[in-house]
There are 2 protein chains.
Amino acid sequence: MTLIGFYDPFMYGSGGKGVDPERPVYVISVAAEIVAVHPRTLRIYEEEGLICPRRTSTNIRLFSENDLRRILWIRHLTQDRGINLAGVKTLFELEERLGTRILERLYEESRNDETEKRPAGRRVAEGARR
Amino acid sequence: MTLIGFYDPFMYGSGGKGVDPERPVYVISVAAEIVAVHPRTLRIYEEEGLICPRRTSTNIRLFSENDLRRILWIRHLTQDRGINLAGVKTLFELEERLGTRILERLYEESRNDETEKRPAGRRVAEGARR
DNA sequence: GAACCCTATCAACGTCATTGTCAAGATGCT
DNA sequence: AGCATCTTGACAATGACGTTGATAGGGTTC
């Protein structure tokens, strides 16, 4: 289930230690499994312009660690905060315009709210699990 | 249809010229008509914590000019940008936290996009008009 | 007393988010 | 070659969301 060849051993230890978080590594099935989301969902995120995974010369998506991080942000904003994709996109744009790490501030807030009161009363679709 | 008494003549010209934008003036039916929204919608906005109109001693909502301005912001973000109420709430919170006029920047952007490309692909409910 | 406000509830209607499938074709690995 | 996975595109099911609308019972304003 892995298309093992995509796991490039040279990725590790080539720079002495660290792994380049921008390096495109994960095929969509792997990425989807890591972030616990359906591959279809990741394709939608890309259609909406929320993520932009690189492609191989043969047009296959490859996700980097930063891509995964971004996906997890999307999941947090949509699932935990009930924000829809248009709102997420706006927040991303805003963060880029301002050059500030807005999102982290939001995350800290929601971490501090351990009293677990609903963020905006209503929630976004978290059904559709079958 | 007006509950005319709520229109306080003393509001005008009491300070020499300007009208206090914070002064609670409009009853919900009037406010709703001004911003072209159903009263039910305004009550929902209040339930969601997006607006906070003052109340008379007898518990009747009174909206100020600033309240109306805020409502128009909500309408812009939801109708033109497709952001849901949770997203709007987050943006408001963020603006308050940062002390910056984020929203105006967004509005300028959308004004500059005269090419009329859809903000996030999909749109929020703009149906339900009957 | 007529017209409006309050809260609360129920509902219709269309859109949104997510998951899922199916098709037909290209790619990667063994 | 053959199998698994990828690609795009379409279609659908499910539940939640946004908005408008109606109704009921009770208070407020004039």
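Naming: A, B, ... by sequence-line order, numbering from 1 per chain.
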Let me know the distance between CD of A/Glu33 and C1' of D/dA4, rounded to the nearest Å. 15 Å
Which comes earlier along DNA chain C counting from the 5' end, the contact point of B/Glu46 or that of A/Ile74, where each point is its nearest nucleotide? B/Glu46
Any B/Tyr45 side-chain nitrogen or oxygen under 4.0 Å from OP1 or OP2 of D/dG18: no
For C/dT27, does either OP1 or OP2 sit under 4.0 Å from a side-chain N or O belonging to A/Ser57? no
According to a strict under-4.0 Å criterion, is B/Thr58 in side-chain N/O contact with OP1 or OP2 of C/dC6? no
Please report the distance, rounded to the nearest Å, between CD1 in A/Ile60 and P in C/dA26. 13 Å
N/O (side chain, A/Gln79) to phosphate O (OP1/OP2, C/dA17) under 4.0 Å: no
What's the CZ-C1' distance between A/Arg40 and D/dT14, to the nearest Å? 15 Å
B/Ile28 CD1 to C/dC4 P, in whole Å, measures 13 Å
Can you name the one residue among B/Arg75, B/Arg70, B/Lys89, B/Arg40 that meets side chain to side chain donor-acceptor pair (under 3.5 Å) with B/Tyr45? B/Arg75
Any donor and acceptor pair, going by atom type alone, linking the side chain of B/Asn84 with main-chain N or O of B/Thr78 inside 3.5 Å? no
Between B/Tyr26 (OH) and D/dT29 (P), how many Å, whole number? 20 Å
Should A/Ser64 and A/Arg23 count as side-chain neighbours, where that means a heavy-atom distance under 4.5 Å? no
Can you tell me if B/Tyr26 and B/Glu33 form a side-chain donor-acceptor pair at under 3.5 Å? no
From CZ of B/Arg54 across to C1' of C/dC5 the rounded distance in Å is 19 Å
Among D/dT19, D/dC6, D/dG18, which is the nearest nucleotide to the side chain of A/Ser29? D/dC6
Please state how far atom CG in B/Asn84 lies from atom C1' in D/dT19, giving the value in whole angstrom units. 14 Å
C/dA17, OP1 or OP2 - any side-chain N/O from A/Arg43 closer than 4.0 Å? no
Phosphate oxygens OP1/OP2 of C/dC5: is one of them under 4.0 Å from a side-chain N or O of B/Arg61? no
Under 3.5 Å, is there a donor-acceptor pair between the side chain of B/Glu95 and the main chain of B/Ile102? yes
Phosphate oxygens OP1/OP2 of D/dG21: is one of them under 4.0 Å from a side-chain N or O of B/His38? yes
Separation of C/dG20 atom P from A/Ile44 atom CD1, nearest Å, is 12 Å
OP1 or OP2 of D/dT8 less than 4.0 angstrom from a side-chain nitrogen or oxygen of A/Arg55, does that happen here? yes
Is the phosphate of C/dA17 approached by A/Thr41 (side-chain N or O, under 4.0 Å from OP1 or OP2)? no
